[in-house]
Q: 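Quick one: this structure, given as structure tokens, is what I'll be asking you about.
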Protein chains: 2
Amino acid sequence: MIDAQTLLFAKAIADDTRHEIMTHLCCVWLSVSDIVEKLDGRVNQPTVSHHLKKLEEVALVQVRQEGRNRFYTLNQERVTVCCGRLLVQFAPDYVSNVVPISQIAPAK
Amino acid sequence: MIDAQTLLFAKAIADDTRHEIMTHLCCVWLSVSDIVEKLDGRVNQPTVSHHLKKLEEVALVQVRQEGRNRFYTLNQERVTVCCGRLLVQFAPDYVSNVVPISQIAPAK
DNA sequence: TCATTATATCGATACGCATCAATATGTCAA
DNA sequence: TTGACATATTGATGCGTATCGATATAATGA
């Protein structure tokens, strides 16, 4: 209601299969069939495509087309921003005690 | 799958009404009927109790009984811990650039 | 004890959405 | 063009769960 963005983020990560997909997409680029393979027969290709679409809608994954393949990777920056919003909304007493290194370590 | 805790947290915050309840419970203690009142007729008492139970199950709220009233408040520390886990899992390249103030400011 | 207030629980209903099989779209090679 | 491969879309189905009205439980005051 107050912050639709945060709610959409929460819904996007509130699914078992999407969690697993996000884990596999962390720090690497994978094609759809790669992901299907990683999931090891537990879900099949249309379901994976469905979840990737959901993740893409909230910008939690980045996409790169290459020939007939589409490669996906986790958008870590987006995760960081969304978690930041969660903290500001629901942990204001704690968030003030955490700062980025860049603010305290002089770049020399 | 990998981290059941994180998934439960995500599911708990993936609801419109619960978001609103959590917002109202941030930094203050409210009774159930207080919350019902704040929600302004949009949901009624049994539904609010249902959501509070869900939030309590994942320790996102703290409870204090007082007479025939039960007062709830948001557990900000839990939110912080859960967001931290999210960041470690899904934003490892970013989390290393943030530190608690306590680690860098010498307590004098 | 009884009435009143506060909250929790129960049973039923409806809706959202994850999943699948089948099919469509798109891309490349021959 | 045709055939093979990769991915997306569609339509149907089933499950989880948010919601409600009704009722139960619990605590207080008369």
Side-chain angles (χ1 to χ4, degrees), chain A residues 1-2 4 6-25 28-74, chain B residues 1-2 4 6-25 28-74:
Chain A
M1 202 89 281
I2 307 290
T6 304
L7 185 61
L8 289 176
F9 169 68
K11 289 193 177 184
I13 64 172
D15 178 84
D16 197 356
T17 305
R18 279 198 290 275
H19 254 225
E20 219 171 332
I21 291 175
M22 289 171 70
T23 300
H24 285 123
L25 288 180
V28 294
W29 290 83
L30 293 181
S31 70
V32 178
S33 48
D34 287 340
I35 301 169
V36 173
E37 197 172 341
K38 294 256 180 192
L39 292 178
D40 211 38
R42 236 164 307 140
V43 291
N44 52 12
Q45 179 265 316
T47 302
V48 171
S49 282
H50 167 254
H51 286 306
L52 289 170
K53 190 179 180 184
K54 292 239 156 186
L55 291 173
E56 194 180 351
E57 281 169 1
V58 292
L60 278 174
V61 292
Q62 291 171 309
V63 198
R64 173 164 52 89
Q65 183 100 26
E66 203 159 295
R68 41 189 166 188
N69 294 328
R70 277 170 80 86
F71 290 93
Y72 290 85
T73 194
L74 185 61
Chain B
M1 199 91 284
I2 306 290
T6 304
L7 185 60
L8 289 175
F9 168 68
K11 289 192 177 185
I13 65 172
D15 179 84
D16 197 357
T17 304
R18 280 198 290 274
H19 254 225
E20 218 171 332
I21 292 175
M22 288 171 70
T23 300
H24 285 123
L25 288 180
V28 293
W29 291 84
L30 294 181
S31 70
V32 177
S33 47
D34 287 339
I35 300 169
V36 172
E37 196 173 341
K38 294 253 180 195
L39 292 178
D40 211 40
R42 235 164 307 139
V43 290
N44 52 11
Q45 180 265 318
T47 302
V48 171
S49 282
H50 167 254
H51 286 305
L52 288 170
K53 189 179 179 184
K54 292 240 156 184
L55 292 172
E56 194 181 351
E57 282 168 1
V58 292
L60 279 173
V61 292
Q62 292 171 310
V63 198
R64 173 166 52 88
Q65 184 99 27
E66 203 158 295
R68 40 188 166 187
N69 294 328
R70 277 169 80 85
F71 290 94
Y72 290 85
T73 194
L74 185 61

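Sequence lines set the chain letters: A, B, ... in the order given, protein chains first and strands last, and positions in each chain run from 1. This is a predicted model, so every value here is computed, not measured.
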Q: Closer to the 5' end of DNA chain C via nearest nucleotide, is it V48(B) or H51(A)?
A: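 Per heavy-atom nearest nucleotide, the more 5' residue is V48(B).
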Q: CG of D15(B) versus P of dT17(D): gap in Å, rounded?
A: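 One finds 11 Å between P of dT17(D) and CG of D15(B), rounded.
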Q: Rounded to whole angstroms, how far apart are CZ on R42(B) and P on dA18(D)?
A: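 So the CZ-P distance, R42(B) to dA18(D), works out to 17 Å.
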Q: What is the distance from atom CG of D15(A) to atom CE of M22(A), rounded to the nearest 0.5 Å?
A: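 If we round to the nearest 0.5 Å, D15(A):CG and M22(A):CE are 11.0 Å apart.
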Q: Please report the C-alpha distance between E66(B) and R64(B) in whole Å, then the side-chain angles of each, then the deciding distance to 0.1 Å, and finally whether the salt bridge (Lys or Arg N to Asp or Glu O under 4.0 Å) criterion is met.
A: CA-CA 6 Å; E66(B) 203 158 295; R64(B) 173 166 52 88; 2.5 Å; yes
Q: What's the CZ-P distance between R18(B) and dG16(D), to the nearest Å?
A: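 So the two atoms are 16 Å apart, to the nearest Å.
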Q: Starting at CD of E37(A) and ending at C1' of dT7(D), how long is that distance when rounded to a whole Å?
A: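 The distance from CD of E37(A) to C1' of dT7(D) comes to 16 Å, rounded to the nearest Å.
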Q: To the nearest 0.5 Å, what is the distance between NE2 (H50(B)) and CG (L55(B))?
A: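 Atom-to-atom, H50(B):NE2 and L55(B):CG are 10.0 Å apart.
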Q: Give, for atom OG of S33(A) and atom NZ of K38(A), the distance between the pair rounded to the nearest 0.5 Å.
A: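 Rounded to the nearest 0.5 Å, the OG-NZ separation comes to 12.0 Å.
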Q: Under 4.0 Å from a heavy atom of chain B: give me the 5'-most and 3'-most nucleotides of DNA chain C that qualify.
A: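 Counting from the 5' end, contacts occupy dT4(C) to dT9(C).
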Q: Just N and O in the side chain of S33(A): are any of them under 4.0 Å from OP1 or OP2 of dC5(D)?
A: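 No, because none of the side-chain N or O atoms of S33(A) sits under 4.0 Å from OP1 or OP2 of dC5(D).
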Q: For DNA chain C, find the residues of residues 57-73 of chain A with a heavy-atom distance under 4.0 Å and give them by number; none if there aren't any.
A: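 Going residue by residue through residues 57-73 of chain A, the ones with a heavy atom under 4.0 Å of DNA chain C turn out to be G67(A), R68(A).
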Q: Rounded to the nearest 0.5 Å, what's the gap from OG1 on T17(B) to NZ on K54(B)? Could you check?
A: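 Output value for this atom pair is 12.5 Å.
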Q: Rounded to the Å, how far apart are I35(A) CD1 and dT7(D) P?
A: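 Spelled out: CD1 on I35(A) to P on dT7(D) is 9 Å.
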Q: Please round to the nearest 0.5 Å and tell me the distance separating atom CG of L25(B) and atom CD of Q62(B).
A: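 Going from CG on L25(B) over to CD on Q62(B), the span is 11.0 Å.
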Q: For E57(B), I'd like to know if atom CD has over 12 heavy atoms of other residues, nucleotides or ligands within 6.0 Å.
A: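 Correct, the count exceeds 12.
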Q: K53(A) has an atom NZ; how far is it from atom C1' of dT10(D), in whole Å?
A: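 That distance rounds to 10 Å.
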Q: How many whole angstroms separate atom CG of L30(A) from atom P of dT7(D)?
A: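 Rounding to the nearest Å, CG of L30(A) and P of dT7(D) are 11 Å apart.
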Q: Tell me if the side-chain of Q45(A) makes a donor-acceptor pair with the base of dA6(D), cut-off 3.5 Å, by modelled atom types.
A: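 Side chain to base: no pair below 3.5 Å.
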Q: Supply the atom-to-atom distance N44(A) CG to L39(A) CG, rounded to the nearest 0.5 angstrom.
A: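 CG of L39(A) is found 10.5 Å from CG of N44(A).
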Q: May I have the distance from N44(A) (atom CG) to dT7(D) (atom P), rounded to whole angstrom?
A: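 My rounded result for the distance is 14 Å.
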Q: What I want to check is whether the side chains of S49(B) and Q45(B) have a donor and an acceptor closer together than 3.5 Å.
A: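 Side-chain D/A pair, S49(B) to Q45(B): present.
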